[in-house]
Number of protein chains: 2
Amino acid sequence: MSMIVFSDSKAGMDGLDKEKIQQIIDESSGANFSAFALKKKDRLEKQRSDIIVKVKSMSDGTRKKYEREMADVCRLLEMERHLDRDCVHVDMDAFYAAVEMRDQPKLRHTPMAVGGASMLSTSNYAARQFGVRAGMPGFIGSRLCPQLEIVPLNLDKYTCESRVLSSILSQYDPNLSMGSLDEAYMDLTDYVRMRSIPVRHKRVRYSGDCVCRLPVMKETDSPGVSQSINTQQSCPKCNQTRIIIEDEVEFGIGRSEIVREMRFRMEQTTGLTCSAGIAPNFMLAKVCSDQNKPNGQFELENDLQKVIEFVRELPTRKVSGIGRVAEAHLSALGITKCGEIITLSHLLPCAFSSLGVESMLRVGLGLGSSMHSRDSNDSSRKSISIERSFSPTTDPQLLTQMLQELCEQLSEQASSKIKSASGLSLKVKLSSFDVLTRSAQVPIGCDLLDPARMFTLSKIVLNNMLAEGKELRLLGVRLYKIIEKVEDMDEEKITVVDMLKRRRVVKEEEEKKKMNEIVEEKEKKVNKMVEEEEGDIDDDIPKCPVCGWRMEGIDDREINGHIDQCLSKESIKELLISDYEKREENGTQMRKEKSKTKQKTILNFFPKSS
Amino acid sequence: MSMIVFSDSKAGMDGLDKEKIQQIIDESSGANFSAFALKKKDRLEKQRSDIIVKVKSMSDGTRKKYEREMADVCRLLEMERHLDRDCVHVDMDAFYAAVEMRDQPKLRHTPMAVGGASMLSTSNYAARQFGVRAGMPGFIGSRLCPQLEIVPLNLDKYTCESRVLSSILSQYDPNLSMGSLDEAYMDLTDYVRMRSIPVRHKRVRYSGDCVCRLPVMKETDSPGVSQSINTQQSCPKCNQTRIIIEDEVEFGIGRSEIVREMRFRMEQTTGLTCSAGIAPNFMLAKVCSDQNKPNGQFELENDLQKVIEFVRELPTRKVSGIGRVAEAHLSALGITKCGEIITLSHLLPCAFSSLGVESMLRVGLGLGSSMHSRDSNDSSRKSISIERSFSPTTDPQLLTQMLQELCEQLSEQASSKIKSASGLSLKVKLSSFDVLTRSAQVPIGCDLLDPARMFTLSKIVLNNMLAEGKELRLLGVRLYKIIEKVEDMDEEKITVVDMLKRRRVVKEEEEKKKMNEIVEEKEKKVNKMVEEEEGDIDDDIPKCPVCGWRMEGIDDREINGHIDQCLSKESIKELLISDYEKREENGTQMRKEKSKTKQKTILNFFPKSS
DNA sequence: CCGCACAGC
DNA sequence: TACTGCTGTGCGG
DNA sequence: ATACACAAC
DNA sequence: TACTGTTGTGTAT
Ligand SMILES: Nc1ncnc2c1ncn2[C@H]1C[C@H](O)[C@@H](COP(=O)(O)OP(=O)(O)OP(=O)(O)O)O1
Ligand SMILES: Nc1ncnc2c1ncn2[C@H]1C[C@H](O)[C@@H](COP(=O)(O)OP(=O)(O)OP(=O)(O)O)O1
Ligand SMILES: [Mg+2]
Ligand SMILES: [Mg+2]
Ligand SMILES: [Mg+2]
Ligand SMILES: [Mg+2]
């Protein structure tokens, strides 16, 4: 019996032999992990049966009551429905894998995955045919697909790429919210209104034996609206012949065409494809972006009937926020499709808290979640953490050593991102895979970013959370209760703050404009590059995709740093920071902010009062 | 400036010289108390001004939003309105005082109060004319009214009297809910329907020089419906002449007449008068019972218009649940009358949580609170406590002594009322009047009712909550997480009650079993620790000699503090272990089952996991 | 869970 | 001499 | 507040 | 050789 239910809900996994895959997974799993998975499965099964009991023992009266209540809530929720927005979710196709395939052409036509023997971060679509997917250990992937190529992570590269993509997309919605490195939530309502005439873009595609450049011309590409100019050359890198096909394409008005245009420009600039969903809210847009993956888009019209129909047959698991457990709980109520959330709504209280019930009803009604329904108001970071797995060990020496290293690394990373943190949470995973956490707070103002202090506290917490002799397979440190770098502007110097704010806003806009121009330039340059074929011999020299600076012999990290400079508002930040620090240094008294709310710090561990 | 705002909202306090009274109160108050009162007043003023700021800084948009939201909520709440019930609140007049006056006729015609020099529990209506009222210290009462007679409490007597009264009232509503010794919430709906013809009762009144018996005949008494029979006799107690007037009185149908009948019978039986309110729900009935105090009743018809009008002009403070602070918060919004709660409803979120807003809206709409709107479903006791004030002292000897006595008394009282308790909360009041509480739980099944164990735990908690040398003016002990005595369950409601009890019993046994394991483990660990103590040289890190806590980078003072704590925790262990052993000896069966909900007991103070 | 503020009698 | 005793609720950490 | 389960990429 | 790393939310106590 399988411990983990192999889920085929992801894109690109149709028609594969699930039983076979499951068998391989099961027999490849280690004993500890299997036991852990079993424990989880049992717990879930117990929860399911508890829910079923609750359903069966529900009296007729309470059923009626719930039916009425749910109908009422639905009526209220219905009032929040908006069908007047153009919401889009854009998600890159097999993101990490696509980047690696672009940069290593030999990977393009073989099943491959990104990660290591112990864990894969994602796989390409060829590999997915074999059941190889994100979150799967590499050694199992290799069993499922012996030809599988596993390439290591280049997180810095993906981060760069992500910045390029978001800078393109931000031209369509300057308030977009990045859901992760590879996806964005955008509200195109305003842009759609502005767009009254079609636009044309130059298109460049490649053919021939050389595979150095993307995108490759395909039969399925839409025909151009201009005569195509074909140029043949010899690639200086691979010495193969390369055919450059240049023409123009046109994109009409309307949100669907605009999304097509965005996707076109992204591929032209990065060589990567993405998929997109268009819908009246973000919850639906997110689902839609998965409908025509890869390299496709899907529009759900802003029409009540269409929305209802779409949602009715939608498997619950497709919805972001409904995971493995929630899906199981719903299925215990007989709910597998989102439409059933409404028809069986009176059962929801048997499985969910009142908040959970409401969020389920929203899904069933096809309404946006409050999460991403608003603009990403919530940009502030809540925590920053580091964790590392290792061969299970009991050795206190080793553990201490690793803990110290973790703290040093975290300190370094955190110092560049936050101003301070007053909470620390230590995480351990036992060799049984059970996870424990213990946390402690220090008085605000005490600097946990200092690596020595961080380590000291971590060590104390660690020492006191475990009986001796426990075998650990992971250690982690998380900082929370964070004060961000530039955020703080106190009410006192309103004038100054105001000025700074104004400056920041102005400069921000300038930066954005500049950035947009730059990207456009870059796009043009790509084109120019093609035109100036001879002068562009040094093809393999990496360039900043934003400013076009050539960077010879510079490693990825530095490249990343450069692009940071290019794209972020570093200069502004520095200004604010230096100003703030100046104020600090100048002896402006850190007011003893009598925090109205009492803190429970580690000092209170000795609770002798007053 | 006065620290405490003298409130005249209580019955029987019209037309007295508030300024004079306030002045006397102020100049009679001790320094400590005045300082404390001032602190509270300042805090309240701060809260008020915070609220005012919030109101002023509310944007137009949010105001609109709130207006809509509040209207919506009101519409929903309105759907819960019931105008089909006959709700009655009955409240004795000057209860304790009336009992004492009845039993000591010399007190009947002089201002008097019940309590002591330090605190009065209530006063009669004559005393209230002088500003003497419940919650006032006796010595201030005496200054306000030099003739004031202060008589000590006879709580047992009042309790008896209360039982008599409730037994009478329960004939009209067997499900009545006693709000305190002197008041009852009743639903007369059923009784009103049953009562189709008038009823007659024999009436006995007394006159003459003898004052031993009540009620005395008054001019204002309603005329009887039968010929009165007068009998004269000599009172064997006071040797005065007594005239007995006997006749009959008739009470018609309808709820008002029924209430009159109830009140008549109560006075005939006990010699005590009461007042009553009649209304469509309990919230309103409670307010109404105060309208015609003393010895009167007030009916608010079950008519929407009448209700609205009544509520519109009602001062907020009249409503049960709106106290001094809530009244002040409302007034900061410009709300002093309940009608304004609705007209200014959009301001409520500036001062109250969402729950608070809802409850305020209910009041403004004249709707019943969920509290007493249903029958008294909530009869189960949640806690039982004892506390005592004394002359402020620092002396540990004295404090320990008093704590022990408290525990002994509480143990005795509790043993007759509950089966067990697993939570203990210790309360101290400093000489500054500041109150602190610290609580601890023991595993369910461990018997805190045992006075020795209760005292031991109390002492530990006390020792760990205070820096030495604090001057205390009160000590208190409260038991919570109570399991009630298994009395003969109501035969009818066996289903519900049975379920609950079964659950409880099961859980209890589970917990006992769990405790068994935990305690065993702890014992083993303690032993191990002792054994390993000698061979534990290899670690330079200082450890707590008791619990083994490793203490790095902690200074001596804190270390000592910690060890103090641990020592007491050791005694906790012993405490719990001894209890466990006792149970073992008794042969109590303990089944091995997992309890679903985790408890945070005092054992968890040692967070060494697994 | 804990500690506190608030409330009522 | 010198501002209670008992019980319950709701919030914020 | 603490600790855990759940979720997403 | 052997099942990730980072961040956020919601719930129970
Ligand atoms: N479980 C995981 N652990 C670590 N990294 C992950 C995990 N899942 C995804 N990632 C990383 C790698 C992915 O390329 C990237 C984006 O995730 P996601 O959009 O869900 O899949 P994907 O982009 O690789 O494929 P696709 O979107 O086409 O289904 O995030
Ligand atoms: N603050 C208090 N402290 C202690 N006991 C009190 C307090 N207030 C009231 N009591 C006791 C004594 C009262 O007689 C009894 C009933 O209270 P309550 O009904 O409010 O007043 P009352 O019955 O004395 O006069 P009223 O005629 O106004 O009802 O409860
Ligand atoms: Mg993707
Ligand atoms: Mg994604
Ligand atoms: Mg009364
Ligand atoms: Mg009363």
Side-chain angles (χ1 to χ4, degrees), chain A residues 28-30 32-33 36-37 43 91 95 115-122 134-140 155 179-183 320-326 353 355-356 371 378 381-389 391 425 433 435-441 473-474 476 478 597-600, chain B residues 4 28-30 32-33 36-37 43 91 95 115-122 134-140 155 179-183 320-326 353 355-356 371 378 381-389 391 425 433 435-439 441 473-474 476 478 597-600:
Chain A
S28 306
S29 289
N32 278 339
F33 187 81
F36 179 70
R43 189 180 49 200
D91 188 295
F95 185 46
S118 30
M119 183 51 55
L120 304 178
S121 280
T122 196
M136 177 176 280
F139 67 90
I140 290 184
L155 270 175
S180 69
L181 283 187
D182 95 317
E183 66 194 78
S320 177
I322 300 182
R324 202 176 50 89
V325 173
S353 71
L355 234 156
M371 183 78 265
D378 179 42
R381 174 191 291 274
K382 304 286 177 48
S383 74
I384 182 168
S385 65
I386 189 172
E387 68 188 60
R388 205 119 300 159
S389 290
S391 303
S425 172
F433 288 89
V435 173
L436 306 176
T437 65
R438 296 287 177 255
S439 60
Q441 288 187 52
R473 67 161 11 252
L474 174 145
R478 174 186 295 218
T597 53
K598 271 170 201 164
Q599 234 198 316
K600 194 168 185 176
Chain B
I4 294 180
S28 306
S29 289
N32 279 339
F33 187 81
F36 179 71
R43 187 179 52 200
D91 188 295
F95 185 48
S118 34
M119 184 49 57
L120 304 179
S121 279
T122 197
M136 176 176 281
F139 68 89
I140 291 184
L155 269 176
S180 69
L181 284 187
D182 95 317
E183 67 195 78
S320 178
I322 299 182
R324 202 175 47 88
V325 174
S353 70
L355 234 156
M371 183 79 262
D378 178 43
R381 175 190 291 273
K382 303 284 176 48
S383 75
I384 182 169
S385 66
I386 190 171
E387 67 189 60
R388 207 117 297 163
S389 290
S391 302
S425 173
F433 288 90
V435 173
L436 307 176
T437 64
R438 296 289 175 252
S439 60
Q441 288 188 51
R473 69 167 3 258
L474 174 145
R478 175 186 294 216
T597 55
K598 271 170 200 165
Q599 226 198 325
K600 196 168 184 176

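Quick note: numbers below take in every heavy atom, side chains included, and nothing from hydrogens, waters or symmetry partners. Below, chain A is the first sequence line, B the second, and so on; all start at residue 1.
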Does [N] have OP1 or OP2 sitting under 4.0 Å from an N or O in the side chain of [X]?
{"X": "Arg381(B)", "N": "dC6(D)", "value": "no"}
{"X": "Arg473(B)", "N": "dT4(D)", "value": "yes"}
{"X": "Arg478(A)", "N": "dG5(F)", "value": "no"}
{"X": "Ser389(B)", "N": "dG5(D)", "value": "yes"}
{"X": "Gln441(A)", "N": "dT2(E)", "value": "yes"}
{"X": "Ser353(A)", "N": "dG10(F)", "value": "no"}
{"X": "Ser118(A)", "N": "dT4(F)", "value": "no"}
{"X": "Ser121(B)", "N": "dG5(D)", "value": "no"}
{"X": "Lys382(B)", "N": "dT9(D)", "value": "yes"}
{"X": "Thr437(A)", "N": "dA3(E)", "value": "no"}

Check every strand shown and say whether Leu120(A) touches a base, only sugar-phosphate, or nothing at a heavy-atom separation below 4.0 Å.
->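 No contact at all - Leu120(A) keeps every heavy atom at 4.0 Å or more from the nucleic acid.
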
Take atom [atom1] of [X] and atom [atom2] of [N], then tell me their distance rounded to the nearest Å.
{"X": "Ile384(B)", "N": "dT7(D)", "atom1": "CD1", "atom2": "C1'", "value": "10 Å"}
{"X": "Glu183(B)", "N": "dG8(C)", "atom1": "CD", "atom2": "P", "value": "11 Å"}
{"X": "Arg324(A)", "N": "dC6(E)", "atom1": "CZ", "atom2": "C1'", "value": "9 Å"}

Nearest-nucleotide wise, let me know which of Gly30(A) and Glu387(A) is further upstream toward the 5' end of DNA chain F.
->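 Its nearest nucleotide lies further toward 5', so the answer is Gly30(A).
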
On DNA chain E, check which nucleotide each of Arg43(A) and Asp91(A) is closest to and give me the residue with the more 5' one.
->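 Checking each residue's closest nucleotide, the 5'-ward one belongs to Arg43(A).
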
5' precedence on DNA chain E between Ser439(A) and Asp182(A) (nearest-nucleotide basis) |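 So the residue in question is Ser439(A).
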
In whole angstrom, give me the gap between the C1' atoms of dT11(F) and dC1(C).
->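 Each nucleotide's C1' atom is 13 Å from the other's.
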
Using Watson-Crick or G-U wobble geometry with both distances below 3.5 Å, tell me the partner of dT4(F), or none.
->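 dT4(F) is paired with nothing.
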
